[in-house]
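Written below as structure tokens is the structure these notes are about.
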Protein chains: 2
Amino acid sequence: MSTSAQPLRRPMGRPVRRNEIRQQNETLILQAAEKVFAEAGFGGATVQLIADVAGLPKANLLYYFASKEDLYRRVVRNIFEFWLHAADSLDNAPGPVEGIGAYIDAKMEISRRHPDGSKVWASEVMHGAPVIQDYLETTLREWTTGRAALIQRWIDEGKMAAVNPEHLLYMLWATTQHYADFGHQIETLNGGQPLSDTQWRAAKESVKTMILRGIGAI
Amino acid sequence: MSTSAQPLRRPMGRPVRRNEIRQQNETLILQAAEKVFAEAGFGGATVQLIADVAGLPKANLLYYFASKEDLYRRVVRNIFEFWLHAADSLDNAPGPVEGIGAYIDAKMEISRRHPDGSKVWASEVMHGAPVIQDYLETTLREWTTGRAALIQRWIDEGKMAAVNPEHLLYMLWATTQHYADFGHQIETLNGGQPLSDTQWRAAKESVKTMILRGIGAI
DNA sequence: TTTCCGCTTGACCATACGGTCAGGAAACGA
DNA sequence: TCGTTTCCTGACCGTATGGTCAAGCGGAAA
């Protein structure tokens, strides 16, 4: 486990007003948990380590969250909501070039800024979605159906080639998330260095160009 | 953990010749381990469960493999070798349509037939490649450099558009492995049913068409 | 000042886990 | 047949983990 034990430490001047304490500690713990779950997986993570990263005693953490599983559940659901919101880029776009282009930009930015969340999500799904299954069957299914219909509309309007909308969505998810989930591999192949600003721009452009051309939109 | 405790059971008529016993039990254990590690991650997997799946007492498993970590190491390295071999499809191809087309076919077939291996690999890399780092830095780096050069050659020969070879490789890996690593999500979105033969064919064709068109090869 | 109630925490507990070991069974070579 | 090597396994052990608890702390409301 490479996570430094340096506590994240409470944001500067600590407001001690009762209401804020709960709010503040919960987000502190959730951040620490996301990091540790991403690095070690659910099974490999320990409550003690999460507490260390959050800079709190373990018993205090378990005062806010009833159990490790409860905490994990909260982390996963937060990520899910976050992603769903970030996906609005697809809507309200006149066509695939703008819509899918913006979606790729947004997803790549998330992979860059929140790789931990992406990893936790990937881990959850890979292990059969034990805690998020209901969301997959309801919210995600609706979301997917809606966007597939949108893509189909674009196809019918002659704005892009007749590709299978579902498989296009899978390709979008796969390609963009790869930069987070397999970031370590990419970093290693990049000479051990994280992608630079320039390289991230190039990555975004590569992905956008290949996919937009791949669906006959440019 | 959904893994049934039904032992994989020794392949029919047990040849009890000494030489074969070791060989046979080792592969039996490795298969069970791949399955359990894929479903639970390294941290979530237990030696006891692997032993149950293999249909052997825990102590017997630890007779063949010195430790859980040792067993995991063997599993990961096996997968790595397997994949590297399967990637020869790219070579000896006259151009991107044949080479990359065959590579996508091969990778999709692996995702379909060996999803567990893919998941273990993804998990390993996501957690920072603790046991396979040296291979990433040597074998994988060389492999990648070589194939990037091959792709560059095709570009220079005007057989495809001038895309960034590395990012093309990432897209190939991401898209094909997605069907294994996120198979559960895809299955859920498919009405809870695994992809049928027909659907797998459609998936392959979708991926091939989008990517080959995306790189200007068709 | 007193009371209340949410916050904090060190000490503690039961369990599950990875790993060991000693002794027996089974195959092999002579 | 006998000795040797490999295979097999129940019982056991130390440790780490998730979780509990009871006692204290400190704003805030009366």
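Just so we're on the same page: letters track the sequence lines, and every chain starts at 1. Hydrogens, waters and symmetry mates are skipped; everything else that's a heavy atom, side chains included, is used.
- Counting only residues at least two apart or on different chains, the side-chain hydrogen bond (donor to acceptor under 3.5 Å, both in side chains) pairs with a member in residues 57-67 of chain A are A/Asn25-A/Tyr64.
- Rounded to an integer number of Å, the gap from CG of B/Asn60 to P of D/dG10 is 10 Å.
- Residue A/Asn25 places at least one side-chain N or O under 4.0 Å from the OP1 or OP2 atom of C/dT8.
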remark   = B/S/- along nucleotides 16-22 of chain C (protein heavy atoms under 4.0 Å) is -SBBB--
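- When the P atom of D/dT6 is taken as reference, atom CD of B/Glu20 falls 17 Å away, rounded to whole Å.
- OP1 or OP2 of C/dC7 has at least one side-chain nitrogen or oxygen of A/Tyr63 nearer than 4.0 Å.
- Spacing between atom CG of A/Leu61 and atom P of D/dT17 amounts to 15 Å, rounded to whole angstrom units.
- Rounded to an integer number of Å, the gap from B/Gln24 CD to D/dC7 P is 12 Å.
- C/dT8 atom P lies 11 Å from atom CG of A/Leu28, rounded to whole Å.
- Side-chain polar atoms of B/Gln133 and A/His184 form a donor-acceptor pair below 3.5 angstrom.
- At whole-Å resolution of the value, CZ in B/Phe65 and P in D/dC7 are 12 Å apart.
- For A/Asn190, the side-chain contact (heavy atoms from CB on, under 4.5 Å) criterion is met by A/Gln193, A/Leu195, A/Gln199, not counting sequence neighbours.
- Protein atom CD1 of B/Ile21 is 11 Å distant from nucleotide atom P of C/dA26, rounded to whole Å.
- Applying the salt bridge (Lys or Arg N to Asp or Glu O under 4.0 Å) test to pairs two or more places apart or on separate chains, those with a residue in residues 135-151 of chain A are A/Asp91-A/Arg147.
- In the set D/dC7, C/dG6, D/dG10, the nucleotide with an atom closest to the side chain of B/Tyr64 is D/dC7.
- With sequence neighbours excluded, the residues satisfying side-chain contact (heavy atoms from CB on, under 4.5 Å) with A/Lys119 are A/Ala38, A/Asp181, B/Met126.
- The side chain of A/Pro57 sits closest to C/dG10 out of C/dG10, C/dC7, D/dT9.
- Here B/Phe42 and B/His127 keep their ring centres 6.0 angstrom or further from each other.
- With sequence neighbours left out, the side-chain contact (heavy atoms from CB on, under 4.5 Å) criterion links A/Thr139 to A/Phe80, A/Leu84, A/Tyr135.
- Contact between the side-chain N/O atoms of B/Arg22 and the OP1/OP2 oxygens of D/dT6 is not found at any separation under 4.0 Å.
- Here the C1' atom of nucleotide D/dG18 and the CD1 atom of A/Ile29 are 15 Å apart, to the nearest Å.
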